[in-house]
Structures are given as structure tokens and as C-alpha cells.
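No experiment lies behind these values; they were computed from the predicted model shown. Chain letters run A, B, ... following the sequence lines, proteins first, then strands; residues in each count from 1.
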Amino acid sequence: MNQVRVRFAPSPTGFLHIGGVRTALFNWLFARQQQGVFILRIEDTDQSRSTDESIQAIIDGMNWVGLDWGEGPFRQTERMDLYRSHAMKLFETGHAYWCVCKAEALEARRKEAEAKGLSPRYDGRCRNLGITDPPGDAALRFKAPQEGQTVIDDLIKGKIVFDNTVLDDVIILRSNGYPTYNFSVVVDDALMGITHVVRGDDHLTNTPRQIPIFEALGFAVPRFGHLPMILGADKTRLSKRHGATSIMAYKDMGYLPDAMVNYLVRLGWSHGDQELFSRQELINKFSWDHVQKSAAVFNPDKLLWMNAEYIKTSPPRQVAQALVPFLEQAGLKKEIVAVSDEWLAQLVVLVKERAKTLVEMVDWVRPYFGQTVTFDEEAVKKFLTPAIVPVLSKLGTRFQNFSVFSKAEWENSFKQLVVEENMKMGQLAQPVRVALTGRTASPGLFEVMEVLGRDRTLFRLQKGLERASMG
RNA sequence: GUCCCCAUCGUCUAGCCUGGCCUAGGACAUUGCCCUUUCAAGGCAGUAACACGGGUUCAAAUCCCGUUGGGGACACCA
């Protein structure tokens with residue numbers, strides 16, 4: 001068996017779509033598993049829609065989710081000679097012919113056919129003209145087979161049969177000399193030695209158009225696999241109106257790349273009841289047999305849950321590192337410089353059970369930077385009242401007597417005071433919480449103190465006391 | 001319109017190929033309870049699906065046919 005060679009071939013006409021990422025992911029997984037090669041190819045033959053920024057967006061997106069390629073990125077616009085020479089080869093061997101129909105005329109005829117309820121196909125009127133000396137604006141068409149069948153043994157959908165009578169003669173070279181998709185894709189897949197063409201479902205009906213071109217050119221026909229589409233909640237193709245579709249938008253919303261990958265792979269693929277997979281597990285367990293045949297609805301709720309899982313279980317230092325840009329963006333640049341990586345990781349541990357995204361985490365983590373705290377006025381009004389001043393003061397004095405912070409000792413001391421004062425835990429805990437964090441909701445009090453450290457805990461307790469005295 | 005693909009809880013899916021173990025399993029979401037210093041997290045429990053109609057068979061979610069529904073393709077876009 002030859003080495004597996006697969007590719008991801010996006011067209012650079014915008015941001016990198018999550019559907020594209022999923023297609024790339026399946027290819028990448030298969031290549032890794034089979035110790036094959038994953039190739040990145042940019043299909044930019046549409047001059048009017050392709051942009052360099054989009055190419056960069058694809059590369060950035062792929063890098064972010066960690067899908068690396070062994071060859072490429074290739075750009076089709078750098079391979080024009082290849083398409084032209086192969087097109088001419090088809091012409092010379094009688095597999096292609098010049099068409100002098102004007103684009104507008106074609107369009108008109110198509111509309112007419114549609115109006116009559118006929119198939120809007122090219123009628124083949126130039127097929128037998130035998131033009132050998134074409135005018136400058138002629139296009140080259142491929143002579144599609146008109147009888148027989150084209151059979152695909154799809155990796156995902158199984159055997160699919162197309163009658164060749166549904167085929168028409170596609171243009172392979174435009175009048176401007178540029179190849180069309182259905183042609184350049186065949187030349188590239190053949191020349192790059194692609195063994196498995198795995199792409200979106202929307203390409204399924206392109207496949208019987210492409211197979212005869214492989215054959216006419218004398219190339220081996222690769223295996224094909226067609227991945228089902230991703231739909232929005234209303235079961236139509238996923239688009240902007242369903243929410244964010246750009247992979248980088250999810251980065252900006254505070255999703256972890258591993259969570260994204262895990263969610264996307266489970267959208268259409270399964271391994272029994274398992275939901276969470278490490279990358280290595282994915283590589284080991286991936287199989288075309290368990291790729292779903294039907295389209296899947298993108299479920300942001302489940303993605304969010306999965307992100308929360310990854311925030312909870314990823315190495316804290318790794319999460320902390322991913323969090324830094326978000327903190328900087330939130331105006332905490334100076335604060336971060338003043339703080340160690342270890343402490344930041346500790347902070348992540350403190351709040352990781354509460355934040356489902358890095359964006360939420362920024363908010364959870366904010367109170368632990370700086371000397372003082374920003375009070376939530378509602379919280380102050382409710383808990384930092386003059387009535388609490390005496391107990392708070394006693395607590396401060398007791399804590400003061402400890403020369404270092406010790407979670408167990410401080411907690412004991414706190415609970416003892418609660419008992420002595422004949423209070424309920426919450427009656428003291430909430431005011432202290434507000435004093436330390438400025439808010440009514442936070443992680444466990446003593447974990448908070450640990451992260452704050454002895455001195456800052458005492459300082460904030462004192463400030464809270466002053467605030468409570470004000471009434 | 002023509003051609004192609006698809007069809008299990010609201011959603012992602014297991015089971016289907018190799019019929020009986022399915023009283024249809026898991027996950028997200030949702031509801032209730034428990035835990036609890038707050039908010040979470042966690043634990044337990046609940047609601048909830050084989051699109052429909054015919055066959056084949058002792059037996060069908062599973063095999064066959066049809067219907068319906070959804071999606072895709074039919075460009076000098078990719």
C-alpha cells in the first residue's frame with residue numbers, strides 16, 4: 001500500500017470557516033494515523049475573490065488549532081503552467097474542444113432551459129465544430145462521457161452511481177486562460193499524489209465530473225470521501241446568521257483550541273459513548289466507518305460545555321498562558337508583568353471551575369490583581385454594614401497574630417470565631433468575601449486568601465472594615 | 001425541474017453492515033433533589049427518540065420497496 005497523502009484545499013475568499021477546520025481536521029487525523037502526509041493547498045484561481053489576507057487567515061487559523069501540514073502551502077496561481085499544459089494535452093488527445101459561446105449567451109440559454117423545466121446544462125453546440133484555431137476569447141471544454149456510469153466508492157457514503165447522461169461538458173480553461181476549479185483540482189490532486197480526496201458533501205456531485213478527467217489524463221483515480229455539512233439550528237447551512245462561523249472568532253471569544261478540535265471532531269464522528277479525547281487518542285481511534293452520513297447541527301451549548309471541561313482539565317500553566325492576551329486586552333498589562341507564571345497558574349486553579357471561557361475567566365480573576373479591590377456597591381450595601389464591624393475587627397486581629405498564611409490554621413481560626421460569636425458561617429463569610437473580592441460571589445474564601453497572601457488579605461480586610469464603618 | 005445524498009430524544013450520537021442481548025444506551029440542554037460560606041463545580045434522579053406506510057421473517061431501530069421530509073449540486077465560483 002502506498003503512503004497516504006491527503007490535502008486541505010480551501011479557497012481564500014474570507015476567514016477560515018469552522019466547517020473548513022473540521023474538513024481539515026479529518027484529513028489531518030487520517031494522515032497522522034496512517035503516517036501519511038497532510039498537504040495544504042490554496043485554491044485561488046478565482047482572481048476576483050481571492051485575497052492575501054484570506055490566505056493569512058487560513059494559515060493563522062490552522063496554526064491556532066494546531067493542524068500542521070507536511071507540504072505547502074501551495075498556491076494554484078503559482079501552478080498555471082501545469083494546468084495549461086495539461087489542458088492542451090487533453091485538447092491534443094481529443095478529450096477537449098474549444099467553445100466560442102459567449103458567457104452572456106450561455107447564461108441566457110440556461111435561464112431559458114430552466115424556465116421550460118429542463119436541466120440547465122450546456123447543450124454541447126461547439127462540441128463538434130472542430131475548432132483548431134480559436135479566437136482569443138474561446139474557452140476550452142472537456143468532452144464528458146455521454147453514456148455509461150461513473151461509480152464512486154465513497155469512504156463515508158459507500159457506493160454511489162451516477163449516470164453519465166447527467167454530465168455536461170465543463171469548461172476547464174476560461175477565456176482568460178485561467179483553469180476552473182473542476183480542472184485544477186484534478187491536475188493538482190493527481191500531480192500531488194493525493195490518495196484520498198476528503199472534502200465537504202457539497203462536492204459530491206463534482207466527483208463524477210472529475211473522475212473522467214483523471215482518466216482522460218491517464219492518472220490514477222484517488223479514493224473519495226464526502227463529509228456531511230454542518231447546519232445551523234434551523235437546519236440550513238451554517239452561516240453568519242447562526243452566530244460566529246470563523247474559527248478565529250472562537251479564539252477571540254475565549255475558546256481553547258483543544259476544546260474546539262474535540263467538539264468539531266465529535267460533530268459527525270463518534271467512538272462509542274466517549275466524548276472527551278486527547279489528540280493522540282483521536283489519532284489512534286479515528287475511523288471513516290464511524291463518520292456520520294447525515295448533516296449535523298452545530299450546538300454552541302455543547303461547545304461551551306466542552307470548553308469548560310478543557311479549562312478545568314488542561315494544565316493550569318497552559319490555560320494561564322492562553323489567558324494572558326485576554327488580560328492584557330482587559331487593561332491588566334502592568335499587573336501581569338508584576339506577577340509570576342506560577343501565581344497566574346494558581347489563579348487559574350482558583351477560578352477554573354467557574355469560567356466556561358477565557359473571556360469569563362478574565363472577569364473572575366480581576367479582583368486578585370492589585371492591592372485594593374473595586375467594590376460592588378450592592379454587595380457593600382448588603383454585607384459591609386456597621387453591624388459587622390466588631391466581628392470583622394476581631395477577625396482581623398486574630399489573623400494578624402499569624403506571621404504567615406496557613407490555610408488550615410486560618411480556616412480554623414475563622415470557624416472558631418463564628419462559633420464564639422454564635423453566628424452562622426454565611427453571616428461572617430459574606431462580609432469577608434466582599435471585603436476581599438468586592439463581590440458576593442467568589443471561590444472558596446480560604447482559597448481566595450491563599451492566592452491573595454497574608455499581607456493583602458489583612459490589608460483588604462482592614463479596607464473592608466473602614467468601608468463598613470462608614471455605614 | 002433534473003440528478004445525488006440523508007433520516008434514532010430539542011441537539012450531538014451508540015446500536016444498523018453481521019436481525020433476537022433494545023423495556024433503545026451515553027453526552028449537551030432542561031427539571032427536581034443532595035452537597036454547600038457565596039457563585040460555580042460535583043453527585044443522584046426525571047422528562048424526552050427508532051419520520052410514515054407496506055413487505056421479508058418465528059422475530060425488524062436493524063434487511064427490501066414506497067411515501068414524506070430535510071440537505072446538496074446543476075456557473076467562464078470554489
Side-chain angles (χ1 to χ4, degrees), chain A residues 9-13 43-46 48-50 99 101-103 106-107 110 113-122 137 139-141 152 154 157-158 160-163 165-168 170-176 178-182 184-185 199-209 226 228-229 231 233 235-237 263 266-276 289-290 292-306 308 312 351-356 364 379 383 414-415 418 424-430 432-434 437 439-446:
Chain A
S11 59
T13 56
E43 310 221 322
D44 58 347
T45 54
D46 184 351
S48 60
R49 298 201 304 154
S50 301
C99 172
C101 296
K102 296 278 180 282
L106 254 17
E107 177 72 19
R110 196 177 307 123
E114 245 171 294
K116 284 184 192 161
L118 297 170
S119 201
R121 301 191 296 138
Y122 176 62
D137 61 348
L140 195 65
R141 282 187 190 270
I152 305 167
D154 196 274
K157 312 247 185 197
I160 304 165
V161 180
F162 291 88
D163 257 314
T165 50
V166 304
L167 267 27
D168 60 354
V170 292
I171 288 178
I172 56 178
L173 233 44
R174 291 184 256 245
S175 52
N176 67 5
Y178 278 81
T180 56
Y181 163 76
N182 272 311
S184 56
V185 80
R199 70 235 296 198
D201 223 344
D202 48 340
H203 286 293
L204 188 56
T205 50
N206 281 325
T207 307
R209 297 162 172 278
H226 290 93
M229 304 270 87
L231 310 178
K235 304 251 188 187
T236 63
R237 205 175 171 146
Y263 176 72
R266 275 291 284 106
L267 195 59
W269 174 82
S270 61
H271 186 265
D273 288 338
Q274 191 171 350
E275 296 286 351
L276 273 6
D289 293 348
H290 292 277
Q292 199 77 3
K293 288 190 174 93
S294 50
V297 174
F298 183 79
N299 183 349
D301 278 338
K302 188 154 184 180
L303 171 61
L304 189 61
W305 167 78
M306 199 162 275
K312 278 186 283 187
V351 302
K352 66 180 184 177
E353 258 131 59
R354 280 150 254 259
K356 290 183 191 294
W364 274 106
F383 294 111
F414 186 102
K415 286 183 172 162
V418 167
K424 278 188 181 162
M425 186 70 180
Q427 286 176 295
L428 184 56
Q430 281 306 79
V432 169
R433 190 183 312 282
V434 176
T437 69
R439 334 217 265 220
T440 55
S442 84
L445 263 194
F446 305 99

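At a threshold of 4.5 Å between non-hydrogen side-chain atoms, the residues A:Val418 and A:Gln427 do not count as touching. A:Val185 is not listed as a side-chain neighbour of A:Asn206, based on a closest heavy-atom distance of 4.5 Å or more.
Among the heavy atoms of the strands, none lies under 4.0 Å from A:Arg199. Within 4.0 Å of A:Cys99, counting heavy atoms only, lies no atom of the nucleic acid at all. In this structure, A:Tyr178 reaches neither bases nor backbone, as no heavy-atom distance under 4.0 Å exists between it and the strands shown. A:Ser184 comes within contact range of no nucleotide atom at all, as no heavy-atom separation falls under 4.0 Å. Across all strands, A:Thr180 comes closer than 4.0 Å only to sugar-phosphate atoms, never to a base (heavy-atom distances). Nucleic acid contact class of A:Arg110 (heavy atoms, under 4.0 Å, all strands): sugar-phosphate only. Contacts of A:Glu107 with the nucleic acid, taken as non-hydrogen atoms under 4.0 Å apart, are absent.
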Return a single string for nucleotides 19-24 of chain B, one symbol per nucleotide in 5' to 3' order, where B is base contact, S is sugar-phosphate-only contact and - is none, cutoff 4.0 angstrom on heavy atoms. ------

List the protein contact pattern of nucleotides 64-72 of chain B with one symbol per nucleotide (5' to 3'): B for base contact, S for sugar-phosphate-only contact, - for none; contact means a heavy-atom distance under 4.0 Å. -------SB

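Side-chain N/O atoms of A:Asn206 and base N/O atoms of B:A78 include a donor-acceptor pair closer than 3.5 Å. Residue A:Arg354 places a side-chain atom within donor-acceptor reach of the base of B:C39, judged by atom type and a 3.5 Å distance cut-off alone.
Residues that satisfy the ring-ring contact (aromatic ring centres under 6.0 Å, His included) test with A:Phe446, not counting sequence neighbours, are A:Phe414. Partners of A:Tyr181 under the ring-ring contact (aromatic ring centres under 6.0 Å, His included) rule, at least two apart in sequence or in another chain, are A:His203.
Per the geometry, NE2 belonging to A:His226 stands 12 Å off P belonging to B:A73, to the nearest Å.
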Between the protein and nucleotides 25-27 of chain B, which nitrogen or oxygen pairs are less than 3.5 angstrom apart?
residue: B:G25; atom: N2; partner: A:Asp273; partner atom: OD1; Å: 2.8
residue: B:G26; atom: N2; partner: A:Glu275; partner atom: OE2; Å: 3.1
residue: B:A27; atom: O4'; partner: A:Glu275; partner atom: OE2; Å: 3.2
residue: B:A27; atom: N3; partner: A:Lys302; partner atom: NZ; Å: 3.4

Pairs under 3.5 angstrom, nitrogen or oxygen only, protein versus nucleotides 33-37 of chain B, please.
residue: B:U37; atom: O2; partner: A:Arg433; partner atom: NH2; Å: 2.2

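Position along RNA chain B of the nearest nucleotide to A:Asn182 versus A:Ser270 favours A:Ser270 as the more 5'-ward residue.
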